[in-house]
There are 2 protein chains.
Amino acid sequence: MEVLEPGLQEETSQAVRVLTTRRAVRSFSDRPVRDDLLAPLLDSMVAAPSASNKQAWAFVIVREPRTLRLLHAFAPGIIERPPLIVVACFDRSRAVGGGAWDEGMLCVAMAVQNLLLAAHALDLGGCPSASFRKTPVRRFLRLPRHLEPLLLVSIGHPAQSPRTAPRRDRNEVIRHEQWG
Amino acid sequence: MEVLEPGLQEETSQAVRVLTTRRAVRSFSDRPVRDDLLAPLLDSMVAAPSASNKQAWAFVIVREPRTLRLLHAFAPGIIERPPLIVVACFDRSRAVGGGAWDEGMLCVAMAVQNLLLAAHALDLGGCPSASFRKTPVRRFLRLPRHLEPLLLVSIGHPAQSPRTAPRRDRNEVIRHEQWG
């Protein structure tokens, strides 16, 4: 409860609790993700910030066992097969700049974070992974050339309580006014 | 209320509402950000996912008027001067890979999204911007070479209700099982 300042209202505290208690979930029970949970998950995802409102993103929602199996086979970053994978892509045809790196990629990450937070609020869990083979994933999903898959996001019901990863000391990562 | 499925509990609905109602806030009242709100803002920020738990991030919290003025002068992306700017940096010394682009940058974006969501839950608002001159910003903040500023995040009390940016049709950005 460390984050809850005495002055915060209950509903604010609840929201901050969702932000601070999310953990990476990598093992899932057999329970499928209910259809009626898709709307809040996906509504949250596409409500993320978007640089210049380009919305340079595209998402493929995978729930069919065959496609899940194929994705899993080419994604060493996904330890256990989840019941749902969201393939989060950067849409290069809507890039803000023109380089290999684009700030629109940061917006894809923010959308994925909204998805993970919505999952956590809904008693689901998940984990993003950039460790996958892009060429076969592109082929299975029939992604056009301008869509670049950045993250595979596993979503499902947690099989167990996720562990808390140790974090760096706050003073090592946050400074005030100047760094040096 | 479109996102609230009848089966969701009140506290889940509240969390999903925070995720779906955040808007970019670019104009701020003169009210400073209270000191006691910093803890929930920063706790939320560093609770974001981190690839391989590298935590390849660093943040400078700026509240002094002189530094705010200097940052503002070199950041055309920041329209009005906010009472608080968080400079979110990628720590290249902790990169996951070795290229110019690194998945750790996506984690910086997720941390910024947590910060923006915490701000929204606390009745503050904000906006991330990648439009700033990196060299003077690095110099003012005395950033070492391995810290690369990615986003300047304005935070403050909204001067007015933020506008909703029009969003692309859901069917244009989300597909099921395969794209093509």
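Below, read A as the first sequence line, B as the second, and so on, with proteins coming before strands; counting in each chain starts at 1.
- Contacts between B/Ala165 and chain A at a heavy-atom distance below 4.5 Å involve backbone atoms as well as side-chain atoms.
- Of the atoms belonging to A/Ile85, not a single heavy atom falls under 4.5 Å from chain B.
- In terms of non-hydrogen atom pairs under 4.5 Å with chain B, the most contact-rich of A/Arg168, A/Met45, A/Gln178 is A/Arg168.
- Scanning residues 57-73 of chain A against chain B with a 4.5 Å non-hydrogen threshold yields A/Trp57, A/Ala58, A/Phe59, A/Val60, A/Ile61, A/Val62, A/Arg63, A/Glu64, A/Thr67, sorted by number.
- Both the backbone and the side chain of B/Ser50 have a heavy atom closer than 4.5 Å to some heavy atom of chain A.
- Among A/Met110, A/His176, A/Glu10, the residue making the largest number of heavy-atom pairs under 4.5 Å with chain B is A/Met110.
- Within the 4.5 angstrom heavy-atom criterion, only side-chain atoms of B/Leu147, from C-beta onward, approach chain A.
- Of the atoms belonging to B/Asn114, heavy atoms from both backbone and side chain fall under 4.5 Å from chain A.
- The closest donor-acceptor contact from the side chain of A/Gln113 to the backbone of B/Gln113 lies at 3.5 Å or more, if one exists at all.
- Of all the heavy atoms in A/Leu106 and B/Ala109, the pair that sits closest is O-CB, 3.4 Å.
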Taking it one step at a time, do A/Asp91 and B/Glu172 satisfy side-chain contact (heavy atoms from CB on, under 4.5 Å)? CA-CA 11 Å; A/Asp91 183 344; B/Glu172 217 181 295; over 6 Å; no

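- Looking at B/Arg167, its side chain never comes within 3.5 Å of a backbone N or O of A/Ala47 through a donor-acceptor pair.
- With a 4.5 angstrom heavy-atom cutoff, B/Arg94 touches chain A only via side-chain atoms.
- Among A/Val46, A/Val18, A/Asp123, A/Leu143, the residue making the largest number of heavy-atom pairs under 4.5 Å with chain B is A/Val46.
- Only the side chain of B/Pro128 comes within contact range of chain A, with heavy atoms under 4.5 Å apart.
- There is no contact between B/Leu41 and chain A, counting heavy-atom distances below 4.5 Å.
- You'll find the side chain of B/Pro40 stays beyond 4.5 Å of the side chain of A/Thr20, heavy atoms only.
- The parts of B/Ala130 that come within reach of chain A are both its backbone and its side chain, each placing non-hydrogen atoms under 4.5 angstrom from that chain.
- Interface residue B/Glu103: only side-chain heavy atoms are found under 4.5 Å from chain A.
- Heavy atoms of B/Ala51 lying under 4.5 Å from chain A are absent altogether.
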